[in-house]
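Encoded as structure tokens, the structure appears first; notes follow it.
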Number of protein chains: 2
Amino acid sequence: MNIEEAIETLKDKGYKTTGRRKDILSFFAEADGYRTARDLIQYMEQRHDGISFDTIYRNLHLFVEMGILETTELDGEKHFQIACAQHHHHHFICKCCGKTKEVDICPMKNVDSMLPGCIIENHKFEIYGICPQCKTS
Amino acid sequence: MNIEEAIETLKDKGYKTTGRRKDILSFFAEADGYRTARDLIQYMEQRHDGISFDTIYRNLHLFVEMGILETTELDGEKHFQIACAQHHHHHFICKCCGKTKEVDICPMKNVDSMLPGCIIENHKFEIYGICPQCKTS
DNA sequence: TTCACAAATCGTAATCATTACGATATAATA
DNA sequence: TATTATATCGTAATGATTACGATTTGTGAA
């Protein structure tokens, strides 16, 4: 998902293309990994007079809902990144820089039979550690 | 892990056996699943005049650190339950009542080779859904 | 059993991420 | 360019969690 695609998606659903939205998308396009709302606020304050919490959180939620961003909870704080592949996958997440790597292993294949009577709705599989770049620096 | 074991663990490490700690352990022993700090506060207020946030959170953190409780983040709120088995395992978690079921599948066996150069520190694999009891009621 | 003291608890204020809202500004379109 | 629904702003409110000085209590020694 790149900025142009994201803006197309917004237009298709009747949402407006605003400067703020482009800025938010730029931030995540450059980011290459998970970032918090606070990271985004800091970025926005650097290149504008200010940014409203309302705008930050409203758009983060909207983008997640539209599949433009993915979200996960790390250290008690919500993190966001550009949605990568369309197919089902999981992530290695660097604790240091937030960078992610796709992992095409899904452990759900054999799980159904182990949970008789349960309705399985979704699952989370994440691997945490240090990426090669952070390891050497 | 039962209450007696937990109190032994505390004593061994030089921590005191207080009424509050016994009450907190009783709550989780009865709970059979993940509960929030607020759930615990509500329970404590029912059988005492009141309970300090300080006592709640200090002991929750202590118990996690000592392996008496396990913790996970659900819906942006920390949840706690009595640590179950000693061996490595994962959980099915009922979104409705917090009840957990052990799942003895671990997807990490083949992951190392997919992440060359990365230091893998830990991982999370959780399955979310509705348990049989909540399904029928 | 009582004493002394470190540890634990209490009550409450502070913090921090997130949500909410009335007022204002702006993108889309006719 | 005029209209209007949508988006943004500035700020206050919320809710979980953390912090802290004052008080209480469990524990081990006398």
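Residue numbering restarts at 1 for every chain, and letters A, B, ... go by the order of the sequence lines. Computed from a predicted structure; not experimentally measured.
- Here the side chain of B:Thr72 pairs no donor or acceptor atom with the backbone of B:His79 at under 3.5 angstrom.
- Atom CG in B:Asn59 sits roughly 13 Å away from atom C1' in C:dC10 (whole-Å rounding).
- For the residue pair A:Ser113 and A:Asn110, the shortest heavy atom distance occurs at OG-O, 3.3 Å.
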Heavy-atom contacts, protein to nucleotides 13-24 of chain C, under 4.0 Å, summarised as B (base), S (sugar-phosphate only) or - (none) per nt, yield B---SBBBB---
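- Residues meeting the ring pair (Phe, Tyr, Trp, His ring centres under 6.0 Å) test with A:Phe92, sequence neighbours left out: none.
- Comparing the axis of the opening five pairs of the helix from C:dT1-D:dA30 to C:dA30-D:dT1 with that of the closing five pairs yields an angle of 30°, rounded to 10°.
- For residues 9-19 of chain B, the set of pairs meeting the salt bridge (charged side-chain N to carboxylate O under 4.0 Å, His left out) definition, not counting sequence neighbours, is empty.
- Each salt bridge (charged side-chain N to carboxylate O under 4.0 Å, His left out) pair with one or both residues in residues 70-80 of chain A, not counting sequence neighbours, appears once here: A:Arg38-A:Glu77.
- Contacts classified as salt bridge (charged side-chain N to carboxylate O under 4.0 Å, His left out) and involving residues 99-121 of chain B (residues at least two apart or in different chains) are given here: A:Lys95-B:Glu121.
- Between the CD1 atom of B:Ile56 and the C1' atom of C:dG11 there is a distance of 14 Å, given to the nearest Å.
- Scored by the side chain to side chain donor-acceptor pair (under 3.5 Å) test, A:Tyr128 finds A:Glu126 as partners (sequence neighbours excluded).
- The phosphate of D:dC9 (OP1 or OP2) has a side-chain N or O of A:Thr55 nearer than 4.0 angstrom.
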Atom pairs and distances, side-chain donor-acceptor, residues 129-137 of chain A, under 3.5 Å, sequence neighbours left out:
unit_1: A:Lys135; atom_1: NZ; unit_2: B:Gly117; atom_2: O; d: 3.0
unit_1: A:Thr136; atom_1: OG1; unit_2: A:Pro132; atom_2: O; d: 3.3
unit_1: A:Thr136; atom_1: OG1; unit_2: A:Gln133; atom_2: O; d: 3.2
unit_1: A:Ser137; atom_1: OG; unit_2: A:Gln133; atom_2: O; d: 3.0

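- By the ring pair (Phe, Tyr, Trp, His ring centres under 6.0 Å) test, A:His90 is found to be paired with A:His88, A:His123, A:Phe125, residues two or more places apart in sequence or in another chain being considered.
- Side-chain nitrogen and oxygen atoms of B:Arg58 include at least one within less than 4.0 Å of the OP1 or OP2 phosphate oxygen of C:dT9.
- Note: CD1 (A:Ile51) to C1' (C:dA25) measures 14 Å, nearest angstrom.
- Residues from residues 4-24 of chain B that place a heavy atom under 4.0 Å from any atom of DNA chain C, listed by number: B:Tyr15, B:Lys16, B:Thr18, B:Arg20, B:Arg21.
- For residues 25-36 of chain A, the pairs satisfying side-chain hydrogen bond (donor to acceptor under 3.5 Å, both in side chains) are A:Thr36-A:Asp39, with sequence neighbours left out.
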Could you go through residues 51-61 of chain A and list every donor-acceptor pair under 3.5 Å that involves a side-chain atom there, pairing it with any protein atom two or more places apart or in another chain?
unit_1: A:Ser52; atom_1: OG; unit_2: A:Asp54; atom_2: N; d: 3.1
unit_1: A:Asp54; atom_1: OD2; unit_2: A:Arg58; atom_2: NE; d: 3.3
unit_1: A:Thr55; atom_1: OG1; unit_2: A:Arg58; atom_2: NH2; d: 3.4
unit_1: A:Asn59; atom_1: OD1; unit_2: A:Arg21; atom_2: NE; d: 2.7
unit_1: A:Asn59; atom_1: OD1; unit_2: A:Arg21; atom_2: NH2; d: 3.3
unit_1: A:Asn59; atom_1: ND2; unit_2: A:Thr55; atom_2: O; d: 3.0

